[in-house]
Amino acid sequence: MGFSSRLEGYTGRVREVLESAGVDVGDEIEITIGEHEKIKGVLMSRYELADPEYIVVKLPNGYNIGVRFRENIQVRKLLEEVKKPAFRPPEKARPIPGLPRVTIVGTGGTIASRIDYRTGAVRPVLTAEDLLSIIPELASIANLDASILFSIFSEDMTPNEWSMMATRVDEYIRRGVDGVVIAHGTDTMGYSAAALSFALQKPPIPIVFVGAQRSSDRPSSDSATNLIAAVKVAGYAPFAEVCVAMHDNHSDEVIAIHRGTRVRKNHTSSRDAFKSINTEPIAFYKNGEIYVNRKDLNNRGSNQYIFNPKFSDKAVLLKFFPGMSHEILEDIWMKGYRGIIIEGSGLGHVARRLIPTLEKILKDGVFIGMTSQCMYGRVNMRVYSTGRDLLKIGVTPLDDMLPETAYVKLSWVLAQTTEIEEIKNLMLTPLAGEIGERSIP
Ligand code: ASP
C-alpha cells in the first residue's frame with residue numbers, strides 16, 4: 001500500500017480510512033459518525049505516543065480533539081491544506097514575586113512529549129512557556145522554569161540515565177530552586193524514583209516525579225491534573241522527599257503522593273495505576289491543598305543532604321518461576337554480575353534444586369538478596385525449610401522491600417563498595433524509607 005508522506009503518525013485502520021478519503025494532515029475534513037454526528041476541522045498530525053485509534057482534529061475554536069475510530073466513521077475532504085500546522089512559541093511569562101521557583105525536567109514519555117492541545121505540531125517536549133500556555137493555572141502556583149534532559153520512553157532508561165537525572169536535579173538544588181518536578185514515562189517511573197531516592201538522600205527540597213497514563217489529546221488525559229499537583233507539591237510541600245504524583249482514583253480530584261522507594265505501577269492503562277505498596281501514600285493533593293499523611297518525612301530545608309549519583313550496571317533482578325533451571329543463574333554469574341535480587345515465591349523461596357548453584361555463586365562473593373513476587377507483605381525465610389536452607393547458604397532476606405527498589409538499591413550499593421559485608425550491611429540499612437515498619441504481618 002502506498003503511504004502518503006504527510007499522514008504523520010497515523011497507522012493501521014485509521015491510516016487506511018484517511019488514505020482512502022485522500023486526505024492529508026493540514027486538510028480541512030468532515031468526519032461523519034453514524035447517521036447524525038458530524039465533526040468539522042483540520043486534520044492534525046498524531047504524535048508518536050498518542051493512542052493509534054484516534055484521529056486528531058483541530059476544531060474551529062482552536063482546540064484539538066481526538067475522535068476515536070469506529071467502524072461507522074466516514075471521512076471527507078472539504079479543503080486542501082487550509083493551514084499547515086505550525087507551532088508558535090508563546091510569550092515568556094514574567095516571574096510573580098512571592099511564588100516558589102519550580103523547575104520541570106523533561107525526560108520523555110507521554111507527559112513530556114507533547115502537552116499541546118492547540119497547535120498539534122509534533123514536537124517532542126516542553127518549555128516552561130509551552131506548559132503555561134496549555135495549563136495556565138500553573139502560572140499562579142509557581143514561577144516555572146523547564147528544561148529537557150532527554151526525550152525517551154522510560155522502558156529505555158538505564159542506570160546511566162538515573163545518574164544523569166540525579167546530577168541535573170542536584171544542579172537545580174545548588175541553584176536554590178524550591179522544588180523539582182521530573183516529567184517521566186510511567187513504565188519505569190517507580191525505578192527512577194527509587195534511584196533518585198538513593199542518589200539524593202535527605203534532599204532540602206521536594207523532587208516530584210510525574211507521568212500521564214493517557215496522552216493529552218484524549219479527553220480523559222491525566223497530564224494536566226497530575227502536573228498541577230506535582231508543581232504544587234514541589235513548590236509548597238513541607239516535606240522534602242523524592243516522590244511520585246499520580247491519580248489516586250478514577251476521579252480527577254485526588255492525586256496521591258507516593259514515596260519514591262515504595263511505589264509501583266499496577267495497571268497498564270488506568271489513571272490510578274500507581275499505588276504505594278505495604279504502606280500509605282505520604283500525602284494527597286485535593287482541591288489545591290496538600291494533605292500530609294505521615295510523620296516520618298524528611299523536612300524541607302533539611303541540612304543532611306547526601307548526593308551520590310553513581311550506579312553500577314552489575315546488578316540483576318530475577319523472577320523465580322517454577323521451571324527455572326540452574327543454567328540461568330550460572331549464566332548471570334559467568335557474565336560477571338556482582339549482585340542478584342531474586343523475586344522469590346511466597347515468603348521468599350526458590351526451587352530446592354537451585355540451592356547448590358546459589359551456594360557456589362555466593363561463595364564467589366556475589367550478593368544475593370531475596371524479595372517476594374507477592375504483591376504485598378514481607379519475606380520470612382524462617383517458616384519453611386527451603387527458606388531456612390537459603391538463609392544458611394547466605395541469601396540475604398530483604399524484608400518488605402519492593403523487588404524493583406531492591407534492584408535499584410543494589411545497583412547503587414554496588415557502585416559504592418565491592419566489600420560483600422558492606423554490601424549486605426547497606427542493603428539492610430534503611431536509607432530512603434525503602435524498608436517498612438513491622439505493621440503488616
Ligand atoms: N511507555 C511509556 C513510557 O513509560 C508510557 C508512558 O509514557 O507513560 O515512557
Side-chain angles (χ1 to χ4, degrees), residues 190-191 194-195 197-198 261-264 277-279 311-312 314-333 335 337-414 416-441:
Y191 292 77
S197 305
F198 297 115
T261 50
R262 308 286 262 167
V263 61
R264 179 188 268 159
I277 305 294
N278 287 335
T279 186
F311 290 91
S312 158
K314 290 285 172 267
V316 168
L317 173 57
L318 184 67
K319 185 171 193 141
F320 164 71
F321 57 93
M324 183 185 255
S325 91
H326 66 93
E327 284 154 13
I328 293 178
L329 294 167
E330 305 255 1
D331 273 0
I332 291 173
W333 177 43
K335 295 251 153 53
Y337 286 95
R338 301 310 301 159
I340 306 173
I341 298 297
I342 299 180
E343 220 181 282
S345 59
L347 288 167
H349 305 130
V350 295
R352 286 205 148 269
R353 62 177 181 281
L354 300 177
I355 294 182
T357 312
L358 291 175
E359 188 169 16
K360 191 164 63 181
I361 298 174
L362 284 160
K363 282 204 171 122
D364 185 38
V366 174
F367 174 85
I368 301 183
M370 184 63 76
T371 61
S372 176
Q373 53 192 250
C374 292
M375 182 67 87
Y376 300 104
R378 60 184 72 235
V379 294
N380 183 348
M381 297 170 70
R382 300 199 178 276
V383 179
Y384 295 99
S385 59
T386 311
R388 289 196 293 270
D389 289 347
L390 287 166
L391 285 178
K392 239 181 261 159
I393 62 167
V395 171
T396 304
L398 294 175
D399 216 294
D400 70 343
M401 217 188 294
L402 286 180
E404 304 91 292
T405 298
Y407 155 70
V408 171
K409 184 173 183 186
L410 183 57
S411 309
W412 184 82
V413 166
L414 290 178
Q416 320 303 316
T417 176
T418 49
E419 264 304 307
I420 187 69
E421 283 313 314
E422 220 177 311
I423 295 173
K424 277 192 198 165
N425 188 24
L426 277 171
M427 286 304 290
L428 291 172
T429 309
L431 300 175
E434 72 278 18
I435 302 171
E437 65 287 351
R438 293 204 153 260
S439 56
I440 297 156

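Computed from a predicted model, the values in this text were never measured in an experiment.
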Taking distance alone, no hydrogens or angles, what donor-acceptor pairs closer than 3.5 Å link side-chain atoms of residues 359-369 to residues at least two apart or in another chain?
unit_1	atom_1	unit_2	atom_2	d
Lys360	NZ	Glu330	OE1	3.4
Lys360	NZ	Glu330	OE2	3.0
Asp364	OD2	Trp333	NE1	2.7

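The CE atom of Met370 sits 12.5 Å away from the CG atom of Asn380 when rounded to the nearest 0.5 Å. The CD1 atom of Ile277 sits 11.0 Å away from atom CG of Asp400, with the distance rounded to the nearest 0.5 Å. Here Ile355 contributes atom CD1 and Ile393 contributes atom CD1; the two are 6.0 Å apart, rounded to the nearest 0.5 Å. Separating the CG atom in Leu431 from the NZ atom in Lys409 is a distance of 4.0 Å, to the nearest 0.5 Å. Atoms CZ and CG, from Arg388 and Leu390 in turn, are 11.5 Å apart once rounded to the nearest 0.5 Å.
For residues 345-357, the set of pairs meeting the side chain to side chain donor-acceptor pair (under 3.5 Å) definition, not counting sequence neighbours, comprises Arg352-Ser385, Arg352-Asp389.
Within the 3.5 Å criterion, the main-chain N or O of Glu422 finds no donor-acceptor partner in the side chain of Thr417. At least one donor-acceptor pair under 3.5 Å links the side chain of Ser372 to the backbone N or O of Gly346. Judged by distance alone, the side chain of Gln373 and the main-chain N or O of Lys319 form no donor-acceptor pair under 3.5 Å.
When each of Asn278, Thr261, Asp399, Thr429 is checked for a side-chain contact (heavy atoms from CB on, under 4.5 Å) with Ile435, only Asp399 meets the rule. Put simply, the residue from Leu398, Leu318, Thr396 that forms a side-chain contact (heavy atoms from CB on, under 4.5 Å) with Ile341 is Leu398.
Between Thr405 and Arg262 the shortest side-chain heavy-atom distance does not fall below 4.5 Å.
Residue Tyr384 places its OH atom among 12 or fewer non-hydrogen atoms of other residues, nucleotides or ligands, all under 6.0 Å distant.
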